[in-house]
Q: 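Please read through the structure below; I'll follow up with questions.
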Amino acid sequence: MADRNGVGGPTLDSDDGAALARPLAFAEGTGLPLALWLVLARALSGHPWTAQDLSEFRDRVGELLVETRTSAGVVYRLRSPGDRSDERQTQRTITSALLAEVARDGDSGDRDWSAAAPYIVGHLAAHAAAAGLLDEVLEDADYLVYADPPGLLRAINASGSTRGQVRRSIYRASVHVHATATPPERRDILAIDAARHGETDLARKLSRSRPWRPRWATGSMIHPALRFTRTGLGVDAAACTVIDGRPHAVTGCYDSTVRVWDLVDGTERLVITEDDGVYALDCTEIDRRPHVVTGTCSGGVRVWDLNTRAERFALTGHKGWVRAVGCTVIDGRPHAVTGGEDGVVRLWDLVDGSERRRMPGHTDEIRAVAFAEVTGRPVAVTGGCDNTVRVWDLEDGVERALLTGHTSAVYSVSCTVIEGIPHAVTGSGGEGETRVWCLTDGSQRAVLGGHTSWISAVSCVDLDGRPHVLTAGGDCTVRLWDLTEDTECAVLTGHQGYADVLACTEVDGRPYAVSGGHSASPRVWDLGDAVPSSKREGHTGVVQAVDAVTVEGRPHAVTGGDTTVRVWDLADGTERRTLSHRHSVEALACTTVDGSPYAAVGGSCGVTRVWDLDAGTALRDLPSPDHRVEAVAWVDVDGHPHVATSDQDRTVRVWDPDEDAERPLLTDRTRSAVRALEPVTADGRPHLLTGSEDGVLRVWRVTGKGRRVTATIRTGHHWIRALAATVLDDRPHALTVGGNDTAVQVWDLTDGTLRATLAQHPSAVVAVTCAGRDDRWEAVTLDSSGTVHIWDLASAQLREKIALPSA
């Protein structure tokens, strides 16, 4: 290596020094390991540098480098920014060189990503995105399995080709669990998500080394607009702000915390601890610094500096819960408007913490506030539990308008401008409709119907220069509406709980939204990908019950969720029928009578409906007087199938569906509500297993006279969530699942003894069933982490685990 300075080696501004330093100018994260530094130096310069050349250079210019020790070894980067000219072409060369470093399997020719260098799996995505090559890299199925999730997540939110967008959407669907999943778990989840997107070839490639692979999956719970989900976090309030030039979400929760997290990659910036549950907040800028104003259920209103976490003010005066907080600017000064349980609207100056106005008028709790300008004057629009929307002039504190029409509490308000006129959009706790109000004359412009339950959050946003509104609520969906045409544009699905919090912002010039709820983990959506809407078949809410039956000689699955029952052909995944139950489906069970398939379906309506699945018609309603049906099962009585039901009033009934529905064969009260039913044969006669909230497993005789309960087993469960029945060693057995237990108990029903415990679940078990395979009986269990466990029942040994997506 030439000494161009005459002092023993190259400097950064010599030709050789610039060539050797150039890879470090593009290094990601904490830097490049020495081996890859050498590879990239050769690739970028075309010069055959040696390891000795690089080591000598490193030693001579060490003061210009940052050396960091990591778990994978020592890495290097430049202390100051280096030359990044001709970046796109340079990144293309870097991407190709890094890909060439991933060894290929001698038989298949596929890259062995499991053996790739940590820097490559962690940062290849960033280099490929900068080079415009990420979509090509994503074509490698195994790369999706082994790529570092945080690094890949940051890269895939950049724009790409249509083909690449599908791969990106597949990865983002469950990106919140990829970070903690093992490669086999990630492989299972990605394969299912590929199937949900209709990418069966990718699903096959991903699962080729796994004992099970998905044949098909419905896609109604995914959407290409989803960017990521923050799991393990319920939210009761949310707002968006910018900190250090990056968009952030600020969320409040009943657990007395305020959390600030980056909307690009979901990393948490800080946590603020309040004195009580936070149910309202909004963000503003004070003295050019980001702040959040919080309202708590103890009446506290506080102003926090989001850079320092310091409390700036405590604003006192409210009595009871503060449920509405909004920030605005009046006369160039930041202000907050708050309201809550005391029914008083208060206006605060956030520069000095003074109370400027007190505006009584609501006759019940205030739940929402938003801002607009009407005839040149700033106004606040509030909604509350008195079913009204009120408009307040913030300069003089006078109530300017009273908007009536809602028939229940107004939970949410947002404002926008439609065709040059200020409007308010409101959502109500007892209506499935959103109302749009003209704030100039107080008239109702439109009613937007589409939700199947209450609406608890609305948020206005401009898309392509047109006013839109997002709405969310009790049906677990977020809907996007064009307010110029009053039409629904998209339905964002995937929440597994009520979505009652919404906030909008921009990320890299694109409109984003944050949605979530008390029982729904927050999700981040790119609204640029929400229009037009993605139409996918399947339930739009959580599937509550599943069973299988043969229809026309072909195996079918029958699923119950939202307010529908759906029948799926298991051979090709096509939806054969959709049956409207009109109320939420809580339980279902299937059987075959004279070769024809039937389903018994129960739910919140207090009725069990019997369906002919061939014809798709409802045959009979079996009443359970005004009580939710908790469980249903079919049980054989004298060779004829009967329907067994349990409901909230602790009554077990057995019905002959062909007889008078007012006279069940069996009606008996239990000491506590029965949550699970299962038929079983004991002593050659039909029996019914019940699992109840007192943790007791009971065996009921359904034929003959005399004592009905023939066996009682105290399981030790706090309560019994689910049951399954099987036969082991020619003896009837029951499998029981406790409410929050991480183990499944296997009981011998002949003598009531505990035969085995299936105990290797990492979280609470939520479902169990049994199946025969290869002349042995297996149990299939599902825990709340989204993992299926398959057990050999004879030995009580775990055979396989399959990870599932969480939504």
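Just so we're clear, the structure is a prediction, and the values are computed from it rather than from any experiment. Along the sequence shown, the residues carry numbers beginning at 1.
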Q: Could you tell me whether the side chain of His423 and the main chain of Ile421 form a donor-acceptor pair under 3.5 Å?
A: yes
Q: Say whether, by atom type as modelled, one donor and one acceptor occur between the side chain of Arg346 and the main chain of Gly317 under 3.5 angstrom.
A: yes
Q: Say you draw a straight line from OG1 of Thr487 to CG of Leu448; how long is it, rounded to the nearest 0.5 Å?
A: 9.0 Å
Q: OG/Ser412 to CG/Leu470 distance, rounded to the nearest 0.5 angstrom?
A: 11.5 Å
Q: Going by heavy atoms in the side chains, are Cys240 and Leu263 under 4.5 Å from each other?
A: yes
Q: Would the distance check show the side chain of His451 and the main-chain N or O of Gly449 forming a donor-acceptor pair, the cut-off being under 3.5 Å?
A: no
Q: Looking at Asp393 and Arg377, does any basic side-chain N land under 4.0 Å from a carboxylate oxygen?
A: yes
Q: Given side chains that start at C-beta, do those of Pro290 and His248 come closer than 4.5 Å, heavy atoms only?
A: no
Q: Do Asp276 side-chain atoms and Thr296 backbone N/O form a donor-acceptor pair below 3.5 Å?
A: no
Q: Roughly how far apart are Arg357 CZ and Asp349 CG, rounded to 0.5 Å?
A: 11.0 Å
Q: Would you call the rings of His178 and Tyr171 parallel, tilted or perpendicular, taking 30° and 60° as the class edges?
A: tilted
Q: Is it true that, when you exclude Asp508 itself, more than 12 heavy atoms of the residues, nucleotides or ligands shown sit nearer than 6.0 Å to its CG?
A: no
Q: Dump the intermediate steps for side-chain contact (heavy atoms from CB on, under 4.5 Å) on Thr241 and Val260, then the final yes or no.
A: CA-CA 9 Å; Thr241 189; Val260 183; 5.6 Å; no
Q: Is it true that the side chains of Ser354 and Trp348 contain a donor and an acceptor less than 3.5 Å apart?
A: no
Q: So, taking the atom named OG1 in Thr471 and the one named CD in Glu433, what distance separates them when rounded to the nearest 0.5 Å?
A: 11.5 Å
Q: Looking only at side chains, do Thr426 and His406 share a donor and an acceptor under 3.5 Å apart?
A: yes
Q: Between Tyr279 and Trp321, is the gap from one ring center to the other below 6.0 Å?
A: yes
Q: Is a side-chain donor-acceptor pair under 3.5 Å present for Ser174 with Asp193?
A: yes
Q: Mind listing the closest non-hydrogen atom pair of Val389 and Trp437 along with its distance?
A: CG2-NE1, 4.5 Å
Q: Passes side chain to side chain donor-acceptor pair (under 3.5 Å), His495 versus Thr477? Steps please.
A: CA-CA 7 Å; His495 278 300; Thr477 67; over 6 Å; no
Q: Before giving the answer on side-chain contact (heavy atoms from CB on, under 4.5 Å), spell out for Val235 and Cys253 the whole-Å C-alpha distance, their side-chain angles and the decisive distance to 0.1 Å.
A: CA-CA 5 Å; Val235 295; Cys253 185; 5.7 Å; no
Q: Taking the side chain as C-beta and beyond, is there a heavy-atom pair between Leu463 and Leu480 under 4.5 Å?
A: yes
Q: How close do Leu270 and Leu306 get, heavy atom to heavy atom, and via which atoms?
A: CD2-O, 3.1 Å
Q: Using a strict 4.0 Å threshold on nitrogen-to-oxygen distance, state whether Asp526 and Arg227 make a salt bridge.
A: yes
Q: Asp262 side chain to Thr267 main-chain N or O, any donor-acceptor pair under 3.5 Å?
A: no
Q: Between Thr407 and Glu431, do the side chains contain an N or O donor and an N or O acceptor separated by less than 3.5 Å?
A: yes
Q: Restricting to non-hydrogen atoms, name the atom on Ile366 and the atom on Thr382 that form the minimum distance, rounded to 0.1 Å.
A: CG2-CB, 4.3 Å
Q: Quick one: do Arg466 and Glu485 make a salt bridge, cutoff under 4.0 Å?
A: yes
Q: Is a side-chain donor-acceptor pair under 3.5 Å present for Thr231 with Ser521?
A: no
Q: Quick one: does any side-chain atom of Asp386 pair with a main-chain N or O of Thr363 as donor and acceptor, under 3.5 Å?
A: yes
Q: Examine distances only and state if a side-chain atom of Arg172 and a backbone atom of Leu226 form a donor-acceptor pair shorter than 3.5 Å.
A: yes
Q: Is there a side-chain contact (heavy atoms from CB on, under 4.5 Å) between Val461 and Leu527 once you walk through the steps?
A: CA-CA 9 Å; Val461 61; Leu527 298 181; 4.0 Å; yes
Q: Taking the side chain as every heavy atom from C-beta outward, state whether Val436 and Ile418 have any atom pair closer than 4.5 Å.
A: yes
Q: Is a side-chain donor-acceptor pair under 3.5 Å present for Asn157 with Arg168?
A: no
Q: Would you confirm whether Asp244, through its side chain, and Arg246, through its main-chain N or O, come within 3.5 Å as a donor-acceptor pair?
A: no
Q: For residues Thr284 and Asp282, determine if any side-chain heavy atom of one lies less than 4.5 Å from a side-chain heavy atom of the other.
A: no
Q: Among Asp287, Asp352, Asp305, exactly one meets salt bridge (charged side-chain N to carboxylate O under 4.0 Å, His left out) together with Arg312. Which residue is that?
A: Asp287
Q: Going by distance alone, is a donor N or O of one side chain under 3.5 Å from an acceptor N or O of the other, for Ser459 and Ser414?
A: no
Q: State, to 0.1 Å, how close Val458 and Gly427 come at their nearest heavy-atom pair, and which atoms those are.
A: CG1-N, 4.1 Å
Q: Could you walk me through whether Thr787 and Leu804 pass side-chain contact (heavy atoms from CB on, under 4.5 Å), step by step?
A: CA-CA 6 Å; Thr787 303; Leu804 303 180; over 6 Å; no
Q: Strictly below 4.0 Å, N to O, side chains only: are Glu285 and Arg288 in salt-bridge contact?
A: no
Q: Could you measure the distance from the CG atom of Leu315 to the CZ atom of Arg302? Nearest 0.5 Å is fine.
A: 9.5 Å
Q: Any carboxylate oxygen within less than 4.0 angstrom of a Lys/Arg side-chain nitrogen, looking at Arg323 and Glu365?
A: yes
Q: With side chains defined as the heavy atoms from C-beta onward, is the minimum distance between Val425 and Cys415 less than 4.5 Å?
A: no
Q: When you check the side-chain N and O atoms of Trp481 and Thr434, is any donor under 3.5 Å from an acceptor?
A: no
Q: Any non-hydrogen side-chain atom of Cys385 less than 4.5 Å from a side-chain atom of Arg367?
A: yes
Q: Using a 4.5 Å cut-off on heavy atoms from C-beta on, say whether the side chain of Pro522 contacts that of Leu233.
A: yes
Q: For the residue pair Arg230 and His176, confirm or rule out a side-chain donor-acceptor distance under 3.5 Å.
A: no
Q: Among side-chain atoms of Thr294 and Glu274, is any donor-acceptor pair under 3.5 angstrom?
A: yes
Q: So which atom in Gly326 and which in Val369 form the shortest heavy-atom distance, rounded to 0.1 Å?
A: N-CG1, 3.5 Å
Q: I'd like to check the side-chain contact (heavy atoms from CB on, under 4.5 Å) partners of Val66; sequence neighbours left out, ordered by chain and number.
A: Thr68, Arg77, Arg79
Q: Taking the inter-plane angle between the rings of His362 and Trp392 on a 0 to 90° scale, is it parallel (under 30°), tilted (30 to 60°) or perpendicular (over 60°)?
A: tilted
Q: Please report the interatomic distance NE2(His223) to OG1(Thr493), rounded to the nearest 0.5 Å.
A: 6.5 Å
Q: List the atom of Leu394, the atom of Leu347, and the distance in Å for their closest heavy-atom pair.
A: O-CD2, 3.6 Å
Q: Between Tyr498 and His518, is the gap from one ring center to the other below 6.0 Å?
A: no
